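Some notes on the structure that comes next.
Computed from a predicted structure; not experimentally measured. We use all heavy atoms of the structure for the numbers below, so side chains are in, but hydrogens, waters and symmetry mates are not.
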Amino acid sequence: MEFVVNKETKTVLITKEFDAPRDLVWDAYTKAELLDQWWAPKPYSSRTKVMNFREGGRRFYAMASPEGAERWVLQKYTSITPKTNFKLFNTFADADENVELPGSDWDLNFSEQDGKTTVHVSIYNESLERLERMIEFGFVEGTKAQLKNLEELLAKLSRAKETRR
């Protein structure tokens, strides 16, 4: 996995290869029932309240602690090219979807070669202050833990798919 934080350009670049076909990885990023299984670093959980994966749609979810504390996030989908790319605007919010600006623009690209899928994520932050706050609150460690969760989920889904054959 590659994880680069560039404070000059206010971006985070993440590249991760998964031992799974693109269709499966795409579904894991775009279907609430799968996202909620891996999006939060343990012991936290992800709970999607609303998800309309379409251009102009949104995902509104909470990252919940084991004690029940919730941190809400609103993601608005700005562009979708099925199975290869989607873009979204991401911002914190309260439980009533009142957003906390500034936010960040995410650009996710999916490619497959020899049954393995590579996901490239570029996250542009509107302000350096927001980027630094993300890093301070454990974004790097949390993202690495999330992607480990995703690897485990993809392996489980792949095994289940093989069993059904």
Side-chain angles (χ1 to χ4, degrees), residues 1-18 25-26 28-81 84-111 117-154:
M1 175 167 74
E2 185 179 351
F3 202 109
V4 177
V5 175
N6 186 328
K7 290 185 178 184
E8 285 182 23
T9 60
K10 300 180 284 191
T11 58
V12 175
L13 302 173
I14 304 162
T15 302
K16 175 73 174 147
E17 183 180 86
F18 297 97
V25 177
W26 177 265
Y29 273 88
T30 62
K31 293 184 176 179
E33 65 273 14
L34 295 176
L35 270 166
D36 283 345
Q37 293 182 56
W38 69 270
W39 191 253
K42 295 170 186 164
Y44 291 83
S45 63
S46 172
R47 293 197 297 258
T48 298
K49 185 175 182 179
V50 175
M51 183 154 178
N52 300 310
F53 185 71
R54 59 175 173 74
E55 286 187 19
R58 74 191 198 289
R59 177 180 184 220
F60 182 55
Y61 72 96
M63 191 81 68
S65 75
E67 299 77 34
E70 297 175 327
R71 183 69 166 128
W72 289 92
V73 178
L74 179 64
Q75 297 178 326
K76 294 184 179 180
Y77 300 105
T78 57
S79 171
I80 298 173
T81 304
T84 59
N85 172 270
F86 69 89
K87 297 176 183 176
L88 60 87
F89 178 75
N90 184 86
T91 187
F92 292 113
D94 66 16
D96 297 316
E97 291 191 54
N98 297 305
V99 299
E100 297 173 21
L101 297 175
S104 55
D105 292 304
W106 292 48
D107 186 354
L108 296 92
N109 290 284
F110 299 75
S111 60
T117 301
T118 301
V119 180
H120 296 278
V121 182
S122 173
I123 305 167
Y124 170 76
N125 287 274
E126 293 178 340
S127 76
L128 179 58
E129 192 176 343
R130 183 180 195 279
L131 173 63
E132 288 175 335
R133 195 171 46 147
M134 282 173 45
I135 302 306
E136 179 183 323
F137 287 120
F139 181 75
V140 175
E141 298 81 6
T143 299
K144 288 178 179 178
Q146 282 177 314
L147 294 176
K148 184 175 181 344
N149 293 345
L150 178 54
E151 279 183 326
E152 292 169 3
L153 176 63
L154 292 169

I135 side, atom CD1; E141 side, atom CD - distance, nearest 0.5 Å: 8.0 Å

Residues that W26 engages under side chain to side chain donor-acceptor pair (under 3.5 Å), provided they are two or more places apart: none

Nearest-0.5 Å distance, CG of residue N125 to OG1 of residue T9: 9.5 Å

K42: salt bridge (charged side-chain N to carboxylate O under 4.0 Å, His left out) partners, not counting sequence neighbours: E152

Full working for side chain to side chain donor-acceptor pair (under 3.5 Å) between E67 and S65: CA-CA 5 Å; E67 299 77 34; S65 75; 3.2 Å; yes

Main-chain N/O of K87 paired to T78 side chain as donor or acceptor, under 3.5 Å: yes

Reported OG1-to-CZ distance for the pair T81 and F86, which is rounded to 0.5 angstrom: 11.0 Å

Sub-4.5 Å side-chain heavy-atom contact between M63 and P41: yes

Salt bridge (charged side-chain N to carboxylate O under 4.0 Å, His left out) involving R59 - partner list, sequence neighbours excluded: D36

Contact list for residues 95-110, test salt bridge (Lys or Arg N to Asp or Glu O under 4.0 Å), sequence neighbours left out: R58-E97, R71-E100

Gap separating the CG atom of L150 from the CD atom of Q37, nearest 0.5 angstrom: 10.5 Å

Smallest separation among heavy atoms of T91 and P102, with atom names: OG1-O, 3.9 Å

Exercise: identify the closest heavy-atom pair between V119 and F18: CG2-CE1, 3.8 Å

For E70, side chain to side chain donor-acceptor pair (under 3.5 Å) partners two or more places apart: R47, W72

CA sep, side-chain torsions, deciding dist, call: I14, I123, side-chain contact (heavy atoms from CB on, under 4.5 Å): CA-CA 8 Å; I14 304 162; I123 305 167; 4.2 Å; yes

Those residues that, when tested against T118, pass side-chain contact (heavy atoms from CB on, under 4.5 Å) (two or more places apart): T15, E17, S111, H120

With E151 via side chain to side chain donor-acceptor pair (under 3.5 Å) - residues at least two apart: K16

Step-by-step side-chain contact (heavy atoms from CB on, under 4.5 Å) determination, V5 to L131: CA-CA 9 Å; V5 175; L131 173 63; 4.2 Å; yes

Nearest atoms (heavy-atom pairs only) where L153 meets L34: CD2-O, 3.8 Å

Which atom of F89 lies closest to which atom of G103, heavy atoms considered: CZ-CA, 3.6 Å

With K7 via side chain to side chain donor-acceptor pair (under 3.5 Å) - residues at least two apart: none

CG on L35 to CE on M51, rounded to 0.5 Å: 5.0 Å

Those residues that, when tested against Y29, pass ring-ring contact (aromatic ring centres under 6.0 Å, His included) (two or more places apart): W38, F110

Chi angles and distances behind the side-chain contact (heavy atoms from CB on, under 4.5 Å) call for S104, W106: CA-CA 6 Å; S104 55; W106 292 48; 3.0 Å; yes

Taking every non-hydrogen atom, the tightest pair across S122 and L13: OG-CD2, 3.5 Å

Heavy-atom pair with the smallest gap, counting every atom of S45 and A40: C-CB, 3.4 Å

Heavy-atom donor-acceptor pair, N90 side chain to V73 backbone, under 3.5 Å: no

Reported OH-to-CZ distance for the pair Y77 and R54, which is rounded to 0.5 angstrom: 11.0 Å

